[in-house]
Protein chains: 2
Amino acid sequence: MKVRIKEVAVAAGVSAATVSKVLSGRADYPVHARTAERVRRVARDLGYVPDIAARHLRTRQTGQLGVVLEAVGPSEPDSLLGGLSVSHAVRRTFDGAIMAGLSEAARELDVPALVVYPGGDLDVRSFLDGRVDGLLVSCDPLRGHALLRGLTDAPVPIVALWTQVAPAGIGVVDVDHAYGAGLAVRHLLELRHRRIAFYGGGAGSGVEHFAQREAGYRQALEHAGLTPLPAIHDGGRLLQAVRDGVTAVFAETDLGAAAAFHALHGAGLRVPADVSLVGFDDIQGAEYIAGGLTTVYHPAAEMAVAGVQSLVARLEGESPRTTLLPPRLIQRRSTAPVQGR
Amino acid sequence: MKVRIKEVAVAAGVSAATVSKVLSGRADYPVHARTAERVRRVARDLGYVPDIAARHLRTRQTGQLGVVLEAVGPSEPDSLLGGLSVSHAVRRTFDGAIMAGLSEAARELDVPALVVYPGGDLDVRSFLDGRVDGLLVSCDPLRGHALLRGLTDAPVPIVALWTQVAPAGIGVVDVDHAYGAGLAVRHLLELRHRRIAFYGGGAGSGVEHFAQREAGYRQALEHAGLTPLPAIHDGGRLLQAVRDGVTAVFAETDLGAAAAFHALHGAGLRVPADVSLVGFDDIQGAEYIAGGLTTVYHPAAEMAVAGVQSLVARLEGESPRTTLLPPRLIQRRSTAPVQGR
DNA sequence: CTGTTAGCGCCTTCAA
DNA sequence: TTGAAGGCGCTAACAG
């Protein structure tokens, strides 16, 4: 049978109230140092662990943070590809990174536990059941995020991860995709490329992050006095663009860069000798794409850390804020100075 | 202010007990259908959500499952490599897959929430605080799993993931690494390879799974009347082995396969024309290794699903059991029938 | 079929 | 500085 506070009290020769005062964690109760010491020792010897359910009921708070991983994909392997579809695998790496970041931040900030809701047909109201003091919603960047809309006036603070469009009152933490794209483009500019193509759906994809990456691309070029090219999302047109003088390609994702490389390579073009190629995300395996893909590291774990920090700050009374994390360039071997042609 | 059960009771013209009986989820209480219907409607109209803390305290159970991700790595990018170290990235993909599997299984089995402990200097006793009804421990396959040792007589059922060595009383779910290795070797045998090398640390690495993969390799060869070769974990020796007649290489991991390919490629050997190559794990990016690596898919998400199922079964009274999940072969382009030489 | 009663274990007044 | 009392919101047992 588990040890209760009453038993500790009896063993220590004090009342339950005193034990509570000593062990509740709050230091502002007046307890004699010797008494406190004795209580602590007895509690330890007896292996006393406060019952969390009773404490939650009494204090009306848990210290726990809820996590909704909207992005956690299905576990079924995609039989068409023999294994898991590649984009699923990418998603999972991000999910893993996010979990790692959440765990680490929780540890640092003394969050006792993270409550992960299994998702599915989540009812928004299930968040006001007293299980958590705040909620982190990791949005799926490829889909919308209907969840957030129902959370406008939730009874606990909410922080959205991986998006920049959230209703008022909801904090936001995201990667600065536009800045990351600028990093990639400026790297190519420094290598004296002047005709730089954007490969991917961009704004036309309807995906927030891809639109931002294209915007970052355009802005960096315009800032350099150059004219951005329309987004290309097709191998044939990419080849045409290269024939028309493009010397460098910024792909919206590493997966896109792999596809671009495939098209280029198939047409006998060499990377980086004939065309420089930069991706975005630094996915696992980027090392093996195009002989070592230069790309933009996507700080997913750092984003999760910032999310926990932001939520804890909210719990401590701060207002909702927006945090954008700067990606950084990872130089490998798919970019080189432009060659005279 | 939140709605309490009492208010629902008053609004519906019944007692709090009746409301509880209707909404507790258990169907075995005798309540008049019309009464139940009215209660449900009133509760919905009022937006009533049962207070989880009070319910936990009263029922002494939560329905929640705890998760310890021993394997969640640090979030700091490894600056030496410019990005995250590759093995960290692999780890994260597995962590993401495990979270996806856990979430999915929790959804299917009506587990209301997963409680993720942040790890760190975890005190075993923190699991008997009434937060969870059972615990899943995802072990780090590359390190030991000290945690399990302290969990021998925990007050809640425990299931260990990703290991086969656990103290008595702890259920186990793992991938069948030996079987997976057999799959790889038999694939090579069917391509008429007879001199097949094992590339990796194997039993000598001290890593449980790698030892099992080597054992599976040896067993498959012996079963075919062939003699296994000593494990090779060095590019130079691998080349020597190929010069000595080896025509196929089974690498203990996909990352190892990438290294083997690098050594082979550097020496002018072609894969699969000169040497066939098989990996293990089907990591993200395997598509790009060695021109498309044939490998063994590691069912991490499926393992997590099985873990939740196993734990829920324990909760329903079953005994601890051991579950081994069969990997399966993913054929790509790094293996070919042996060439006469 | 429904209501009354009595706690679950803890923390927080308030009085001593 | 310590202890006694009360109650957080819910559900299980029992009575009606």
Side-chain angles (χ1 to χ4, degrees), chain A residues 1-40 42-43 46-64 112 125-126 128-131 133 155, chain B residues 1-40 42-43 46-64 112 125-126 128-131 133 155:
Chain A
M1 200 49 195
K2 283 179 58 178
V3 182
R4 301 296 172 223
I5 199 172
K6 182 70 191 165
E7 302 163 48
V8 176
V10 170
V14 295
S15 74
T18 301
V19 177
S20 173
K21 284 168 189 164
V22 174
L23 300 179
S24 68
R26 303 179 43 182
D28 52 349
Y29 282 115
V31 179
H32 195 100
R34 258 216 312 283
T35 311
E37 181 48 42
R38 182 156 36 93
V39 167
R40 260 187 283 269
V42 170
L46 261 43
Y48 169 68
V49 176
D51 185 277
I52 229 71
R55 177 178 283 178
H56 289 175
L57 176 58
R58 180 61 235 239
T59 62
R60 309 276 52 197
Q61 50 179 351
T62 66
Q64 295 174 163
R125 291 181 307 179
S126 54
L128 37 102
D129 61 5
R131 223 183 287 262
D133 293 350
Chain B
M1 198 51 193
K2 283 179 57 177
V3 182
R4 301 298 173 220
I5 197 170
K6 183 70 190 165
E7 301 163 49
V8 176
V10 169
V14 295
S15 73
T18 300
V19 176
S20 172
K21 283 168 190 165
V22 173
L23 301 178
S24 67
R26 302 180 44 182
D28 52 348
Y29 279 117
V31 179
H32 195 99
R34 255 213 316 279
T35 312
E37 182 46 42
R38 181 157 34 96
V39 167
R40 258 187 285 269
V42 170
L46 261 44
Y48 169 69
V49 176
D51 186 275
I52 228 71
R55 179 179 279 177
H56 289 174
L57 176 58
R58 181 63 239 237
T59 63
R60 308 277 55 201
Q61 50 178 356
T62 65
Q64 294 174 166
R125 290 181 308 178
S126 55
L128 35 103
D129 62 4
R131 221 182 289 259
D133 292 349

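Just so we're on the same page: letters track the sequence lines, and every chain starts at 1.
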Between [options], which one does the side chain of [X] approach most closely?
X	options	answer
A:Leu57	D:dG3, C:dC10, D:dC8	D:dC8
B:His32	C:dC1, D:dC10, C:dC10	C:dC1
B:Val14	D:dT11, D:dG3, C:dG3	C:dG3
A:Lys21	C:dT12, D:dA12, D:dC10	C:dT12
A:Ala54	D:dT11, D:dG9, C:dC10	C:dC10
A:Thr18	D:dG9, C:dT12, D:dT2	D:dT2

Length of the [atom1]-[atom2] vector between [X] and [N], whole Å:
X	N	atom1	atom2	result
A:Tyr48	C:dG9	OH	P	10 Å
A:Leu23	C:dG9	CG	P	17 Å
B:His56	D:dT11	NE2	P	10 Å
A:Gln61	D:dG9	CD	P	14 Å
A:Arg34	D:dT2	CZ	C1'	14 Å
B:Arg131	C:dC8	CZ	C1'	18 Å
B:Ile52	D:dC8	CD1	P	19 Å
B:Arg55	C:dG7	CZ	P	22 Å

Work out which heavy atom in [X] is nearest to a heavy atom in [Y]; give both atom names and the distance.
X	Y	answer
B:Tyr48	B:Arg4	CE1-C, 3.6 Å
A:Lys2	B:Gly130	NZ-N, 4.0 Å
A:Val8	A:Val39	CG1-O, 4.4 Å

Test: B:Arg58 and B:Asp51 ion pair at under 4.0 Å: no
Reckon A:Ser20 touches a base, only the sugar-phosphate, or nothing at all at heavy-atom distances under 4.0 Å? base
Can you see if the side chain of [X] gets near the phosphate of [N] - specifically, an N or O under 4.0 Å from OP1 or OP2?
X	N	value
B:Arg60	C:dC8	no
A:Tyr29	D:dT2	no
B:Thr35	C:dC1	no
B:Arg58	C:dG9	no

Check: B:His56 main-chain N/O paired with B:Thr62 side-chain donor or acceptor under 3.5 Å: no
Comparing B:Ala53 and B:Ala17 on DNA chain D - which has the more 5′ nearest nucleotide: B:Ala53
